[in-house]
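Working notes, structure below.
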2 protein chains.
Amino acid sequence: MSADALERAEQTFVRRWGEMGATWGISRTMAEVHALLFITGDPLCTDDIMQMLQISRGNASMNLRQLVNWGLIRRTHLRGDRKEYFISDLDTWQMFETITRERRRREVGPIIDTLKQCRSDLAGDTPKLEKERQQKAVDCDKKLQDMLDFINTLDVMLDAVLSSGSEQIGMLSAAISNTVKR
Amino acid sequence: MSADALERAEQTFVRRWGEMGATWGISRTMAEVHALLFITGDPLCTDDIMQMLQISRGNASMNLRQLVNWGLIRRTHLRGDRKEYFISDLDTWQMFETITRERRRREVGPIIDTLKQCRSDLAGDTPKLEKERQQKAVDCDKKLQDMLDFINTLDVMLDAVLSSGSEQIGMLSAAISNTVKR
DNA sequence: TAGTCTTTTCAGTTATTATTGAAAGGAATG
DNA sequence: CATTCCTTTCAATAATAACTGAAAAGACTA
């Protein structure tokens, strides 16, 4: 039995979203589960997902948990049914915000810490180096500083964009274009 | 023999940058090679890189080629030496721009194509569905449209930011903050 | 509390991706 | 044009990441 147009469209979307996720360091299956819940819109239970994506119960359980932890989907229940159902946030902007905040939280702090760590180690020990190496240490320090400044700028911009919310996104977009054109 | 402060700082930076890359869908080694060339600043040959990262010649060759293709490093030569040397772009903003442009080029087009494809398939076949499914098809189409709009907005913003160049980045940052505060 | 239904966990397996090393291919040198 | 030095390629291998399935744990019911 062949799929109808709706099923085909959904499947195509799910597959592509999975591939996208994979190139961005998110497991293909996790992205597919999310895509499926998003495009379906309805609450789905673990068995639905296992069946539609042809994956095992354990796999489904793991990936659903991760998505809940990320805040991209939430658990829900259908009355008269003991099973757990899952439902995705359907607001595109909100999804973007959730993903971005999460990655920022996990990644920006640690990298800044490392950069600062490198700098302070260098600062303490540079005087102990021979002259030629001292110059290199200074160059290295400058690069670390550049990188820190850059990450900071990006972080501030991101913060502003994220806290603006979807209503202001058009305005923001316009403001950026204006600034750039000048 | 133990490493001095400069070596330690460089190694820490390289390792962390590699980990970062890995979580962003870039192979750890490729990120490490790039980090090494960046933090060193000097031209390095394949053997330097093999030795410093403890990797094989083939591996070094492959990853260097990729980095050249991405435009993050370039080949260079030292007079009196037959070997090829590699040197990294040292401008943080420029590096960001290169990476972002490259990923955008590779990824944004294809995903937009898929979304459009899904929509037009749906549009053609929706009338053939039974009534209840037609409603679902309309809902699905709306989500695809939302996603397209969102990607488009993001793309426009990104384009503006990228074409602004590093000199304007402070101004841009300020403009964003202003817009958001209002 | 025992019985039933559901979810989670995780050791073992499979699939994917990255790496090696040696052979082949190029390029400069004399 | 033969030699040397260097780079690339790629089949084989190793390392990593993802997935399975069955057992254990948890939760609701009567």
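Naming convention: chains lettered A, B, ... in sequence-line order (proteins, then strands); numbering from 1 in each chain.
A close approach under 4.0 Å does not occur between any side-chain nitrogen or oxygen of A/Thr46 and OP1 or OP2 of C/dT6. Listed pair A/Thr29 / D/dC19 meets the phosphate criterion, a side-chain N or O lying under 4.0 Å from OP1 or OP2. A/Arg82 has no side-chain polar atom (N or O) that falls below the 4.0 Å cut-off from OP1 or OP2 of C/dT4.
Under 4.0 Å is where a charged nitrogen must lie from a carboxylate oxygen, and between B/Glu7 and A/Arg133 at least one such pair does. Between A/Asp47 and A/Lys83, none of the side-chain N atoms (NZ, or NE/NH1/NH2) sits under 4.0 Å from a carboxylate O, so this pair counts as no salt bridge.
In the set C/dT9, D/dC19, C/dT20, the nucleotide with an atom closest to the side chain of B/Ser56 is C/dT20. Of all nucleotides listed (D/dC6, C/dT7, C/dG21), D/dC6 comes nearest to the side chain of B/Lys83. Closest to the side chain of B/Arg57, out of D/dT8, C/dT19, D/dC6, is D/dT8. In the set C/dT7, D/dC19, D/dT8, C/dT7 carries the atom at the smallest distance from any side-chain atom of A/Glu84.
One can place CG of B/Asn63 at 15 Å from C1' of D/dC10, the figure rounded to the nearest angstrom. Atom CG in B/Leu64 sits about 16 Å away from atom P in D/dC6, given to the nearest Å. One can place CG of B/Leu53 at 10 Å from P of C/dT19, the figure rounded to the nearest angstrom. The CG atom of B/Asn59 sits 16 Å away from the P atom of C/dT17 (whole-angstrom rounding). Atom CE of B/Met50 and atom P of D/dT8 are 13 Å apart (whole Å). Summarising the geometry, the separation between CE on A/Met30 and C1' on D/dC19 is reported as 16 Å, rounded to the nearest angstrom. Atom CG in A/Asp81 sits about 9 Å away from atom P in C/dT7, given to the nearest Å. As rounded to whole Å, 13 Å separates atom P of D/dC6 from atom CZ of B/Phe86.
Defined by atom type and a distance below 3.5 Å, a donor-acceptor pair is missing between the side-chain atoms of A/Gln117 and A/Asp113.
A continuous path of ILVMFWY side-chain contacts below 4.5 Å connects B/Met95 to B/Leu158, so both sit in one hydrophobic cluster. Taking hydrophobic clusters as Ile, Leu, Val, Met, Phe, Trp and Tyr residues chained together by side-chain heavy-atom distances below 4.5 Å, A/Val161 does not share a cluster with A/Val156.
Contacts of A/Ser61 with the nucleic acid, taken as non-hydrogen atoms under 4.0 Å apart, include base atoms.
For A/Arg28 and B/Met62, each mapped to the nucleotide of DNA chain C holding its nearest heavy atom, the one lying further toward the 5' end belongs to A/Arg28.
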